[in-house]
2 protein chains.
Amino acid sequence: MKKRKKTNQEQKLVVVLCGEGKGKTTSALGMALRAAGHGKKILMVQFIKDFSEYGEIKFSRKYPKGIEIHSMGRGYVGIFGDKLPFTGHKKAAKKALEFARKKGTSGKYFMVILDEINVALKLKLLKTDEVLKTLKRLKNKVNVVLTGRDAPGKLIKFADLVTEMREIKHPFRKGILAQEGIEY
Amino acid sequence: MKKRKKTNQEQKLVVVLCGEGKGKTTSALGMALRAAGHGKKILMVQFIKDFSEYGEIKFSRKYPKGIEIHSMGRGYVGIFGDKLPFTGHKKAAKKALEFARKKGTSGKYFMVILDEINVALKLKLLKTDEVLKTLKRLKNKVNVVLTGRDAPGKLIKFADLVTEMREIKHPFRKGILAQEGIEY
């Protein structure tokens with residue numbers, strides 16, 4: 001079969017998926033799945049999150065080839081009975097960012113997903129400038145996808161593609177609880 | 001390990017992913033990946049689309065367990081050198097809907113994704129009422145996810161969860177072409 005012309009295959013993209021609606025992490029996962037279909041390797045580093053029963057983590061354990069996921073957060077900050085000092089959350093976020101930078105610039109990956117990093121920024125676990133610095137390093141090697149509700153203006157300015165997920169209707173409003181396979 | 005309480009596991013959801021921004025199909029694929037991680041079976045039926053080199057299709061060929069994808073469209077309607085009569089597109093859409101209904105009510109699947117069905121509705125390949133009728137049948141058995149740019153009001157009214165993907169920034173505007181692993 002004829003291959004597509006590789007006109008601008010070298011152009012790496014920085015993608016931001018933000019907004020209060022559902023579909024940010026799932027969209028990043030879908031991008032990962034699509035790229036994995038083309039035989040590419042994807043690294044997802046999760047900020048904030050530390051729940052090992054997320055469907056995506058179970059999935060990556062079942063199909064370790066292609067999509068690699070590291071849940072490196074320490075849970076939600078200041079809510080849901082969080083007892084970890086703020087510095088503990090900060091340390092975890094810094095470690096996750098450094099891990100993503102090292103792995104992401106290794107040449108092994110096609111795409112690096114920084115899941116919920118916008119939330120880590122919003123909560124001031126990370127500084128926007130240090131994230132931008134890391135993005136500049138990563139962008140030479142990989143496509144980068146950043147997810148999370150609020151994205152700082154500087155990040156949106158830096159990105160090539162930004163989608164905001166707008167919530168039009170949500171079942172939680174009707175009292176339906178989060179369900180396995182749907183929300184996590 | 002203790003299992004989560006299955007309070008409302010039986011509540012099936014109808015999810016609509018619409019809007020002009022990127023992330024509708026990818027989000028549906030991410031939902032599929034997540035559910036597959038939990039060991040559930042997912043059926044994706046694609047309307048309009050007929051391109052076998054989509055990353056998701058290659059992916060489902062590599063990992064046939066869990067995510068099953070059927071590309072049942074006949075290509076874009078009336079553009080990109082489309083020579084198929086309109087009735088041909090209509091027939092394909094009807095067939096895809098019937099296929100999804102039959103398979104989706106078999107009890108085998110946890111989730112049925114009707115990819116780009118909103119576009120098929122917009123182009124009048126299908127009638128909203130016939131889709132709603134099918135949804136009512138499917139909803140007893142499976143979670144249903146419908147994607148595509150424009151969703152009719154009746155569909156939004158029927159759905160439990162609706163996210164609109166808003167385009168804030170898109171690289172095509174900068175003249176960057178669609179890339180393998182990112183756009184398809």
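Everything quoted here is computed from the prediction, not taken from an experiment.
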*asked:* Please say yes or no: joined through hydrophobic side-chain contacts below 4.5 Å, possibly via intermediate residues, are B:Phe51 and B:Ile69 part of one cluster?
replied: yes

*asked:* Under a 4.5 Å cutoff for heavy-atom pairs, which residue among B:Ala35, B:Ala32, B:Gly66 has the most contacts with chain A?
replied: B:Ala35

Extract all donor-acceptor atom pairs below 3.5 Å that involve side chains of residues 19-28 of chain B and protein atoms in other chains or at least two apart in sequence.
from	atom 1	to	atom 2	distance (Å)
B:Glu20	OE2	B:Glu167	N	3.2
B:Lys22	NZ	B:Ile182	O	3.1
B:Lys24	NZ	B:Gly19	O	2.9
B:Lys24	NZ	B:Gly21	O	2.8
B:Thr25	OG1	B:Lys49	NZ	3.2
B:Thr25	OG1	B:Asp115	OD1	2.7
B:Thr26	OG1	A:Ser27	OG	2.8
B:Ser27	OG	A:Thr26	OG1	2.8

*asked:* With a 4.5 angstrom heavy-atom cut-off, is it the side chain or the backbone of A:Leu33 that approaches chain B, or both, or neither?
replied: both

*Closest heavy-atom contact between A:Leu135 and A:Phe158?*
CB-CE2, 3.7 Å

*asked:* Please rank B:Met111, B:Arg61, B:Lys65, B:Met165 by heavy-atom pairs under 4.5 Å with chain A and give me the top one.
replied: B:Met165

*asked:* Quick check on the interface: out of B:Ile67, B:Leu161, B:Ile57, who has the most heavy-atom pairs with chain A under 4.5 Å?
replied: B:Leu161

*Is there a donor-acceptor contact under 3.5 Å linking the side chains of B:Tyr54 and B:Gln46?*
no

*asked:* Counting heavy-atom pairs under 4.5 Å with chain B, which one of A:Lys58, A:His38, A:Met31 comes out on top?
replied: A:His38

*Which portion of B:Asn143 sits near chain A, non-hydrogen atoms under 4.5 angstrom*: side chain

*Out of A:Gly30, A:Ala36, A:Cys18, A:Gly39, which one racks up the most heavy-atom pairs below 4.5 Å with chain B?*
A:Gly30

*Could you tell me how the ring of B:Phe59 sits relative to the ring of B:Tyr63: parallel (under 30°), tilted (30 to 60°) or perpendicular (over 60°)?*
tilted

*Lys/Arg-Asp/Glu bridge criterion (N-O < 4.0 Å) met for B:Glu98, B:Arg101*: yes

